[in-house]
Amino acid sequence: MAESPITPRDKDFATWYQDVVIQGDMAEPAEIVKGCMVIKPNGYAVWEVLQRELDTRFKATGHQNVYLPLLIPESFLKKEAEHVEGFAPELAVVTVAGGKKLEEPYVIRPTSETIVGHFFGKWIQSYRDLPMLLNQWANVVRWELRTRMFLRTTEFLWQEGHTAHSTHEEALEEVIRMLKVYAEVAEDVMAMPVIMGAKTKAEKFAGALRSYSIEAMMQNGLALQAGTSHDLGQNFGKAFDVTFQSKEGKLDYVWQTSWGVSTRLIGGLIMTHSDDKGLVLPPKMAHRKVVLVPIFRKEEERALVMEAAVKLAAEVGAHIDTRDGHSPGAKFFHWERRGVPIVLELGPRDVAAGTIVLKRRDTGVKEVIPQTELAARVAATLEAMQKDMFIRAKQRLADNTVIANSLEEVRAILDDVTAEKGGGKFVMAHLKDDPSNDAAIKEFRASVRNIPLTDEYDGPGKCIITGEEVERRVVIAKAY
RNA sequence: CGGGCCGUAGCGCAGCCUGGUAGCGCGCUUGCUUGGGGUGCAAGAGGUCGGGAGUUCGAAUCUCCCCGGCCCGACCA
């Protein structure tokens, strides 16, 4: 018998993650281009579910999809000083095209704020053109020095929302609205609990007034920034001269927002739910929710079992694994590694007894149920699984969140935590939003993840570094 | 980008130190067998030893350069 190809989590979390991604047939390193990956059908299907869930909500909140050029004139990036400074180190630049050196190089988009700024300038004249609510599904390239599949790759897929508003208040409402959409998809669809909050000034998006994020906790206790929403203020409006005339006839710059989530969410999904046997998908994220494995020996049995299998599979929309030459056991392992929520087993004994075996992926519990109850039991099990997986993840987040009242405490808690060994915690501490304080936290390889929107702790307190009074505790953790 | 480990059949690895024309397990193909958690037996197919240059009569093996992967950092919406 072959050994499990998946490294246990407690042995080496980072290797476990790699194993799950590959054994779950989600993706593999491209190898031909540094830091890039190939997203395989089983992984892309998960992305398609996310796209559908997000896109539906974007449309419901009044946004429309657009598509903008992949290449950006280098000069565009330079129009917003902070923006170019933030992105310059990770840009890939096209200098030759059509066999000729370009007069002005093109940058492969790391994000599209600058291009959007340009077109907003063309499209917006009046307050009647506002708000302009756009979204783009696209790929972007950032030349990261260290990559991990799904979590940080050179090229990745994402959506980037870009909106323009006539007032700052309205823009801020948009920023929070979309942050909440992200939180809703993370929690209700991905069963991945998140903390909504503001990034510190030091951690904000290059060119933004304020950034907000949803932060999730992986099974090793490390934080994952799962989505961001930015209040761009009038920074890009001014850089690209995006003005509009108000009702009163006054000219003003638009107030912009941008927000995005990426294929990184898939990495978060994996590190939230999967186990030592492989991928575990919450039912709402599974493109294939139920698989039926038929079992038979002789030809007469095959006919009998298959007849019942086809009928039952149709009732619950199950995929029947009809592959020849694979034993049922091999098929069980196959689907288990791929995270299918429910696997049904149907053999001669079941056909004779009018029963069927139902196994749920998350708990591994197997039960024999009457065929007449199949549809109801499958529906109930999927629903229970979705709920249970969220509760377990939420509990883990709670169990690994601790309070600290001094910098030394924070250091002690986060000391010796790494991606491979785990042991990470979310440390809640009072800390003033000041870049020098972020720097102090960085000393021990952690960061302020965000300042939660809602305070679930003890309200105001003294900053553990400066002693100044601050409104609430912030989340400090090591992160991907 | 710094430090460490690594790249040999689809996958996991041995061989490398001490140069002599490539091997094991799994998987794959065919046949029989088996089938309720990776069936068993038999016969087969499959390799530019990551790439290039050098040393040598001869390089998977020694030297140099490059490409790529993983981990720890730095960096990073």
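Just so you know, these numbers come straight off a predicted model, no measurement behind them. In what follows, every chain begins at residue 1, and chains take the letters A, B, ... in the order their sequences are listed.
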Item checked: Span that lies between the C1' atom of B:C5 and that of B:C13, in whole angstrom -> 16 Å
Check: Within this structure, what is the OH-to-P distance between A:Tyr480 and B:G73, rounded to whole angstrom?
Finding: 11 Å
Margin query: Nearest whole Å is fine: how far is B:C70 C1' from A:Ile6 CD1?
Written below: 17 Å
Checklist line | Donor-acceptor side-chain pairing of A:Asp12 and A:Thr7 below 3.5 angstrom | finding: no
Item checked: Separation between the C1' atoms of B:A59 and B:U8, rounded to whole Å -> 14 Å
Notebook entry, point to check: Under 4.0 Å: is that the gap between some side-chain N or O of A:Arg146 and OP1 or OP2 of B:G69?
Noted result: no
Check: Looking only at atom C1', what distance separates B:C32 and B:A14, rounded to whole Å?
Finding: 33 Å
Notebook entry, point to check: Between the base of B:C76 and the side chain of A:Arg152, is there any donor-acceptor pair under 3.5 Å?
Noted result: yes
Check: In the strands shown, is B:U29 matched to any nucleotide by a Watson-Crick or G-U wobble pair with both distances under 3.5 Å, and which?
Finding: B:A43
Next item on the list: Check every atom of B:C70, B:C75, B:C72 against the side chain of A:Glu144 and return the nucleotide holding the closest atom.
Entry: B:C75
Check: Paired with B:U21: which nucleotide, if any, by Watson-Crick or G-U wobble criteria at under 3.5 Å for both distances?
Finding: none
Next item on the list: Indicate whether any N or O donor in one side chain lies under 3.5 Å from an N or O acceptor in the other, for A:His230 and A:Ser211.
Entry: yes
Check: Can you tell me how far C1' of B:C66 sits from CD1 of A:Ile32, to the nearest Å?
Finding: 17 Å
Checklist line | Rounded interatomic separation in angstrom, taking CD from A:Gln23 and C1' from B:G12 | finding: 10 Å
Next item on the list: Could you tell me the separation between the CZ atom of A:Arg411 and the CD1 atom of A:Ile476, rounded to the nearest 0.5 Å?
Entry: 12.0 Å
Margin query: Does the plane of the ring in A:His168 sit parallel, tilted or perpendicular to the ring in A:Trp255? Use 30° and 60° as the thresholds.
Written below: parallel
Next item on the list: Please measure how far the P atom in B:G73 lies from the corresponding atom in B:C16, and state the result in whole Å.
Entry: 34 Å
Next item on the list: Scan A:Ala419 against the nucleic acid and name what it touches under 4.0 Å (heavy atoms): base, sugar-phosphate only, or nothing.
Entry: sugar-phosphate
Item checked: Rounded distance in Å - CD (A:Glu28) to C1' (B:G10) -> 11 Å
Check: Between A:Arg377, A:Arg288, A:Met385, which is the residue that forms a side-chain contact (heavy atoms from CB on, under 4.5 Å) with A:Ile342?
Finding: A:Met385
Item checked: Same-atom distance (P) from B:U48 to B:A22, integer angstrom -> 13 Å
Next item on the list: Mind calculating the distance between OH (A:Tyr17) and P (B:G69) to the nearest angstrom?
Entry: 15 Å
Notebook entry, point to check: Distance between the P atoms of B:U30 and B:C72, in whole angstroms?
Noted result: 43 Å
Checklist line | B:A9 to B:C66 separation - C1' atoms, rounded to the nearest Å | finding: 25 Å
Item checked: Candidates B:C71, B:C72, B:A74 - which lies nearest the side chain of A:Leu145 -> B:A74
Item checked: A:Met178: which of A:Thr61, A:Leu54, A:Asn135 passes side-chain contact (heavy atoms from CB on, under 4.5 Å) -> A:Thr61
Note to self: From CD of A:Glu85 over to P of B:C76, roughly how many Å is that when rounded to an integer?
What the structure shows: 10 Å
Note to self: Just checking A:Lys425: does its NZ atom have more than 12 heavy atoms from other residues, nucleotides or ligands closer to it than 6.0 angstrom?
What the structure shows: yes
Note to self: If you only use heavy atoms from C-beta on, which nucleotide in B:C72, B:C76, B:C71 is closest to the side chain of A:Thr418?
What the structure shows: B:C72
Item checked: Rounded interatomic separation in angstrom, taking CG from A:Leu222 and C1' from B:C71 -> 14 Å
Next item on the list: List the protein contact pattern of nucleotides 29-36 of chain B with one symbol per nucleotide (5' to 3'): B for base contact, S for sugar-phosphate-only contact, - for none; contact means a heavy-atom distance under 4.0 Å.
Entry: ------BB
Notebook entry, point to check: Below 6.0 angstrom between ring centroids: does that apply to A:Phe119 and A:Phe240?
Noted result: no
Note to self: Would you say the ring centers of A:Tyr106 and A:Phe76 fall short of 6.0 Å from each other?
What the structure shows: no
Notebook entry, point to check: On RNA chain B, nearest-nucleotide positions of A:Gly227 versus A:Met149: which is more 5'?
Noted result: A:Met149
Notebook entry, point to check: So what does A:Arg142 hit on the nucleic acid, given a heavy-atom distance under 4.0 Å: a base, only sugar-phosphate, or nothing?
Noted result: base
Margin query: Nearest to the side chain of A:Arg148, heavy atoms from C-beta on, is which of B:G69, B:C71, B:C76?
Written below: B:C71
Next item on the list: Find the partner of B:C75: check Watson-Crick (N1-N3 plus N6-O4 or O6-N4) and G-U wobble (N1-O2, O6-N3) distances, both under 3.5 Å, and reply none if neither fits.
Entry: none
Check: Between A:Glu113 and A:Lys478, which is nearer to the 5' end of RNA chain B once each is assigned its nearest nucleotide?
Finding: A:Lys478
Note to self: Need the pair for B:U63. Rule: Watson-Crick or G-U wobble, both distances under 3.5 Å, any strand; none if unpaired.
What the structure shows: B:A53
Checklist line | Atom C1', compared across B:A60 and B:G52: separation rounded to whole Å | finding: 16 Å
